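These notes are about the structure you will find just below.
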Amino acid sequence: MSGPEDRVRRALGEAPADLLIDRLATELARAYGITRTELYQVDYRLAVLLPLGDGEPITSPGHPAWRCFDHQEPVVSEGTGWFPVGMRGERRGVLRLSPLPAGPAALRELDAMATALGHELAAVTASTDVYVTARRDRRLTLAAEMQWELLPGRSRIRPSFRLAGQLEPAYAVRGDSFDWSDDGRRLWLSVINGSGEGVAASMLTSLAIHALRNARRAELTLADQAALADQAIYALHRGEQYLSALLLELDLASGAMTVVDAGSPRLLLLREGEVSEQVLEKQFPLGMFEATDYRAQQFQLRRGDRLFVVSDGVVDATARQIRYGETALDRFLRRTGPMEPLDAVRSLIGDLRAFVAGDLIDDAVAVCLDWLGPQP
């Protein structure tokens, strides 16, 4: 006879896309006597945990739900259990369960079931709007809707690297974006510093991202990937519209980083507690001129290095705030050392919002990459 974990996985796999939580609740009640099963998803700003049903949003940083989300481990408080929901480093939210069964074995099983739920949520997102709609506490602009649909995710964890990115203003972002992919041997990362306004900016960024993906999947070199995207944008806009991009390719075995700087966002290195800007060869933005010849350069990462890629929106926001400034930005980046990448970019964007007293005026993208060293 199969155990409760197997039955839960089977029930989730067979459930209609919109009824995952209902079927999960039925199985948990049968196996553990749990009478309350609720999913809370983190919103686009990483600022509030929103219930799928009729519960109250959770904003207090000290709440057990946030402790669970931040530390990615179960939290038990006053007979209620909070379990992280996500997959492959992508944090989706938390699962609230009560009353909890006794014993550490049951907690481990419930933790595994919450992870299984994360995988199923990822699998059904393309076929239902139920979970996507519940993740927003306000309406997204059309441009922002396009940008979030374009992303590969918001965080990624593998044995040799950790990676996360965030867009701001989350509900009204226009042209800034990022993309990544890995094959176990290499990691590709592109960060777009968009231009223009509204839907036009999102369409330009979408063209660039898809052109870069097409070139990457054709196994072109990084410089040729930039050239193909450059040609695609120029062919459509004849130099009247263009955008800046930073393309990176990391060899996961050696830490060798290949870079193409197409008028790019800034690349900052945090190494042994010190922040420095990586000097790059500035080249023309994508689509500015016809048939630009891009050149790649290389530098070497060390085990434990952290890279930040920040767009003009981050730099300009700090420049407008004398109290903050570039020196304070460096101090903040140093303080992110013990944080996970997603917490680091969330804190950076949150800090910027606090200093400008609201959402940023300009688009901003922040991406954080840790290279953990070669893995067996």
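Note that the structure is predicted; figures quoted are calculated from it, not measured.
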Any non-hydrogen side-chain atom of [X] less than 4.5 Å from a side-chain atom of [Y]?
{"X": "R156", "Y": "R162", "answer": "no"}
{"X": "D305", "Y": "L270", "answer": "no"}
{"X": "L248", "Y": "L369", "answer": "no"}
{"X": "F332", "Y": "S347", "answer": "yes"}

Is there a donor-acceptor pair under 3.5 Å between the side chain of [X] and the backbone N or O of [Y]?
{"X": "Q283", "Y": "R295", "value": "yes"}
{"X": "D43", "Y": "D137", "value": "no"}
{"X": "S202", "Y": "A143", "value": "yes"}
{"X": "Q41", "Y": "G93", "value": "no"}
{"X": "D370", "Y": "L372", "value": "no"}
{"X": "S311", "Y": "V365", "value": "yes"}
{"X": "W371", "Y": "S254", "value": "no"}
{"X": "N193", "Y": "P265", "value": "no"}
{"X": "R306", "Y": "C368", "value": "no"}
{"X": "S155", "Y": "A164", "value": "no"}

Do the side chains of [X] and [Y] get close enough for a salt bridge, i.e. N-O under 4.0 angstrom?
{"X": "E145", "Y": "R136", "result": "yes"}
{"X": "D330", "Y": "R335", "result": "no"}
{"X": "D70", "Y": "R67", "result": "no"}
{"X": "R158", "Y": "D182", "result": "yes"}

Please check if the distance between the ring centroids of Y44 and Y171 is under 6.0 Å.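 Yes, the ring centres sit under 6.0 Å apart.
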
Verify side chain to side chain contact (heavy atoms under 4.5 Å, CB included) between M288 and Y234, making sure each step is shown before the conclusion. CA-CA 7 Å; M288 177 175 280; Y234 186 85; over 6 Å; no

Would you please test L267 and E277 for side chain to side chain contact (heavy atoms under 4.5 Å, CB included) and show each step? CA-CA 6 Å; L267 181 61; E277 183 166 3; 6.0 Å; no

If you draw a 6.0 Å radius around [atom1] in [X], do more than 12 non-hydrogen atoms from other residues or ligands fall strictly inside?
{"X": "R186", "atom1": "CZ", "answer": "yes"}
{"X": "E56", "atom1": "CD", "answer": "no"}
{"X": "D22", "atom1": "CG", "answer": "yes"}
{"X": "R139", "atom1": "CZ", "answer": "no"}

Going from CG on L348 to CG on D343, what distance comes out if it is rounded to the nearest 0.5 angstrom?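 Those atoms lie 12.5 Å apart.
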
Got a second to check how far R88's CZ is from H119's NE2, nearest 0.5 Å?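 Here the rounded value is 6.0 Å.
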
Check against salt bridge (Lys or Arg N to Asp or Glu O under 4.0 Å), R108 and D111: CA-CA 5 Å; R108 287 193 298 270; D111 189 28; over 6 Å; no

Got a sec, which hydrophobics cluster with M146, joining ILVMFWY side chains under 4.5 Å apart, including via others?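 Its cluster mates, by chain and number, are L142, V199, M203.
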
Which ILVMFWY residues are connected to V76, directly or by a chain of links, through side-chain heavy atoms under 4.5 Å apart?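 V8, L12, L20, I21, L24, L28, Y32, I34, L39, L52, F83, V85, L95, L97, L100, L107, L110, M113, L117, L121, V124, V130, Y131, which link up through side-chain heavy atoms under 4.5 Å apart, make up the rest of the cluster.
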
Which heavy atom in [X] sits nearest to a heavy atom in [Y], and how many Å separate them?
{"X": "A17", "Y": "T128", "answer": "CB-CG2, 3.9 Å"}
{"X": "A11", "Y": "R23", "answer": "O-CB, 4.4 Å"}
{"X": "R174", "Y": "Q147", "answer": "O-NE2, 3.2 Å"}
{"X": "Y242", "Y": "G239", "answer": "CD2-O, 3.6 Å"}
{"X": "T205", "Y": "G175", "answer": "OG1-O, 2.5 Å"}
{"X": "V260", "Y": "A226", "answer": "CG1-CB, 3.9 Å"}

With distance as the sole criterion, is a donor-acceptor pair present between the side chains of [X] and [Y] under 3.5 Å?
{"X": "R154", "Y": "Q166", "value": "yes"}
{"X": "Q225", "Y": "R216", "value": "no"}
{"X": "S190", "Y": "D179", "value": "no"}

Intermediate values then yes/no, salt bridge (Lys or Arg N to Asp or Glu O under 4.0 Å), E38 and R36: CA-CA 7 Å; E38 293 179 290; R36 185 171 184 180; 2.7 Å; yes

Under the salt bridge (Lys or Arg N to Asp or Glu O under 4.0 Å) criterion, do R266 and D261 qualify, and how do the steps go? CA-CA 9 Å; R266 290 178 62 184; D261 179 348; over 6 Å; no

Taking the inter-plane angle between the rings of W180 and F178 on a 0 to 90° scale, is it parallel (under 30°), tilted (30 to 60°) or perpendicular (over 60°)?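 Taking F178 first and then W180, their aromatic rings lie parallel (interplane angle under 30°).
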
Dump the intermediate steps for side chain to side chain contact (heavy atoms under 4.5 Å, CB included) on L286 and Y294, then the final yes or no. CA-CA 10 Å; L286 302 179; Y294 290 94; 3.7 Å; yes

